[in-house]
Amino acid sequence: MTFCNWEAKRLISLAIPVFLAQVTLVLMSVVDTIMAGQVSPTDLAALSIATGIWNPAMLALQGILLALTGIVAQFSGANDKNGISHYFQQGLYLAGVLSIVGISIAYFADIIIFKLDTSAAIATMANDYIHFVKWGVFGFLFFSVYRNITEGMGMTKPAFYISLIGLAINIPANYIFIHGKFGMPALGGAGCGIATALVFTAMAITQVIYCQLSKKVDAQTLLANFQKPQFTTMWTITKVGIPISLATFFEVTLFACIPLFIAHLGAVAVAGHQIAASVTTLLFMMPLSLSIAISIRIGNLYGQHHYEQLKKAISTSYILAVMIAILLATLTFFGRDIISHLYTDDARVIALATSIMVLACIYQLPDALQVAANGILRGLKHTTPISYITFISYWLVGFALGYVLARTDLIVPAMGPHGFWIGIIVGLSVAAILLMLTVANRFKHEPLRNA
């Protein structure tokens, strides 16, 4: 493989703004986990189970709206303001429809929660969280529409600044509703649901205000002559977005569903897993941001027919991914004790979380390589394999093996949470191999001579 310093600098310069925005959003979840964990393992376990059900559903709905970024980018490049306005308005209608779907999901969540083999206290608190947070789905999805439109027009900084505002609101809101300050009831971990709903509503309002005042966005013009719902356009957005949504859903649910399958082991097991998952999710923002930068750079070079530079960019992408994996594994291994103490003072939870983090060090390499290959394929617009490779690797291989190791004695005595994390390592390794082979085969069977 060839490492190109110039390409590395270009990829890093693209990745840093994305990384800052992604980390800010994830920090909200980390804050929830830390503040709930300071109350008790029961509150942390309830939060883990609730978000394990709610977050995959919301990210799947958001994935559909992500199609707007690419669509609007094309119109923006052609300076077609009418096209941007049309898809912007129809995107708002679609967000309204998806919000109703999200609220409907919340009313079925209790069917899952109360059938889990866990305590009544944990189940009740998890159910309360979902019925609080559901009112934030409107803000979450409308914010997503505005964000995707502005990013499609080449403006990525606003989302970062608005996310900082959301984080600033999240901390005091959690404090108020978790502990019952200023006359509010003390809701424990369920209070994070109210805080999250308020945060996304505030972010949506701030995003709307910014777009209305910004001369670059010129939202007043985009909202002028507001059209009736055009179901053909809404379906076009949905068709483009569904593959993105499915890939996101398969990835998120791998981690999010694990608490549901270890709930019978008690609050300590769920809480220990949740801490490790929270930390690794935050660290994952670095390779994910690199993946997004890779897709941008690969797409530009492919469209410009700069094929020799494209090959250098691909090999540089893989090498950067390996370097990031080594860095993250080192930070996780040596910082695992300090990090765990930030979440909880419970010695049993800390011991479990730190042991899981050792396993998390191992999967950094395949994880970084698979998201790098993912970014290359997105840049080449060869995305069809991503969804089925993700499903096969994460679910048919990773989760299935994890379940056998964690809950049965078929291979070894039941390992509990550690079994699922070993399954994750294997699943990510399979995904990395298959995605990298897909990149190689793309060039083998279709040489780089046609755009």
Side-chain angles (χ1 to χ4, degrees), residues 1-24 26 69-70 73 77 151-152 154-157 159-160 280 282-335 360-383 385-386 428-429 431-444 446-451:
M1 285 190 178
T2 302
F3 184 79
C4 176
N5 288 328
W6 191 91
E7 280 297 339
K9 292 178 181 178
R10 179 59 178 160
L11 286 169
I12 292 172
S13 67
L14 287 170
I16 287 175
V18 178
F19 173 71
L20 293 175
Q22 293 296 125
V23 166
T24 304
V26 172
T69 303
E151 290 184 343
M155 291 170 277
T156 57
K157 291 182 179 179
F160 168 56
T280 54
L282 179 60
L283 295 176
F284 177 68
M285 292 304 102
M286 191 176 293
L288 176 62
S289 301
L290 176 64
S291 175
I292 295 171
I294 289 170
S295 67
I296 296 170
R297 183 61 182 156
I298 296 300
N300 288 339
L301 291 172
Y302 192 48
Q304 295 167 4
H305 305 275
H306 292 168
Y307 301 135
E308 289 303 317
Q309 193 64 29
L310 175 60
K311 294 177 182 177
K312 293 179 181 178
I314 290 174
S315 60
T316 301
S317 298
Y318 284 139
I319 295 171
L320 275 178
V322 172
M323 294 169 65
I324 288 175
I326 294 172
L327 172 63
L328 295 181
T330 302
L331 290 174
T332 303
F333 184 80
F334 290 104
C361 295
I362 300 172
Y363 87 57
Q364 295 299 334
L365 180 59
D367 195 24
L369 287 173
Q370 66 100 10
V371 294
N374 188 309
I376 293 168
L377 292 172
R378 286 178 182 269
L380 295 172
K381 296 183 180 179
H382 185 53
T383 57
I386 295 174
L428 289 173
S429 299
I433 293 169
L434 292 178
L435 288 170
M436 292 175 72
L437 285 175
T438 302
V439 172
N441 288 334
R442 177 69 171 176
F443 295 153
K444 179 180 179 181
E446 186 178 335
L448 295 179
R449 57 175 181 266
N450 298 314

*Who pairs with Ser429 by side-chain contact (heavy atoms from CB on, under 4.5 Å), at least two apart in sequence or on another chain?*
Pro366, Ile425
*Please list, chain by chain and in numerical order, all residues satisfying side-chain contact (heavy atoms from CB on, under 4.5 Å) with Ala373, sequence neighbours excluded.*
Tyr318, Leu435, Met436, Val439
_From Lys312 atom NZ to Ser317 atom OG, the distance as rounded to the nearest 0.5 Å_ = 14.0 Å
*asked:* Once side-chain contact (heavy atoms from CB on, under 4.5 Å) is applied, do any residues pair with Thr438, and if so which ones, sequence neighbours excluded?
replied: Leu377, His382, Pro385, Ile389
*Hey, could you give me the CD1/CZ distance between Ile314 and Arg442, rounded to the nearest 0.5 Å?*
11.0 Å
*Considering all heavy atoms, the nearest Val322-Leu369 contact*: CG2-CD2, 3.9 Å
*Spatial distance of atom CG (Asp367) from atom CD1 (Ile324) [nearest 0.5 Å]*: 11.0 Å
*Just how far is it from atom CD1 of Ile362 to atom OG1 of Thr332, taken to the nearest 0.5 Å?*
11.5 Å
*Could you give the distance from OG1 (Thr316) to CE (Met323), rounded to the nearest 0.5 Å?*
10.5 Å
*asked:* Please determine whether side-chain contact (heavy atoms from CB on, under 4.5 Å) holds for the pair Gln309 and Cys4, giving the CA-CA distance in whole Å, both sets of side-chain angles, and the decisive distance to 0.1 Å.
replied: CA-CA 9 Å; Gln309 193 64 29; Cys4 176; 4.1 Å; yes
_Nearest heavy atoms of Gln364 and Ala325, plus distance in Å_ = O-CB, 3.5 Å
*By side-chain contact (heavy atoms from CB on, under 4.5 Å), which residues pair with Leu327, not counting sequence neighbours?*
Met286, Leu331
*Spacing of Phe19 atom CZ and Leu288 atom CG [to the nearest 0.5 Å]*: 10.5 Å
_Ala321 versus Ala368, closest heavy-atom pair with distance_ = O-CB, 3.3 Å
*Minimum heavy-atom distance Thr280-Ala360, with the two atoms named*: CG2-CB, 3.6 Å
_Donor-acceptor contact present, side-chain Thr330 to main-chain Ile326, <3.5 Å_ = yes
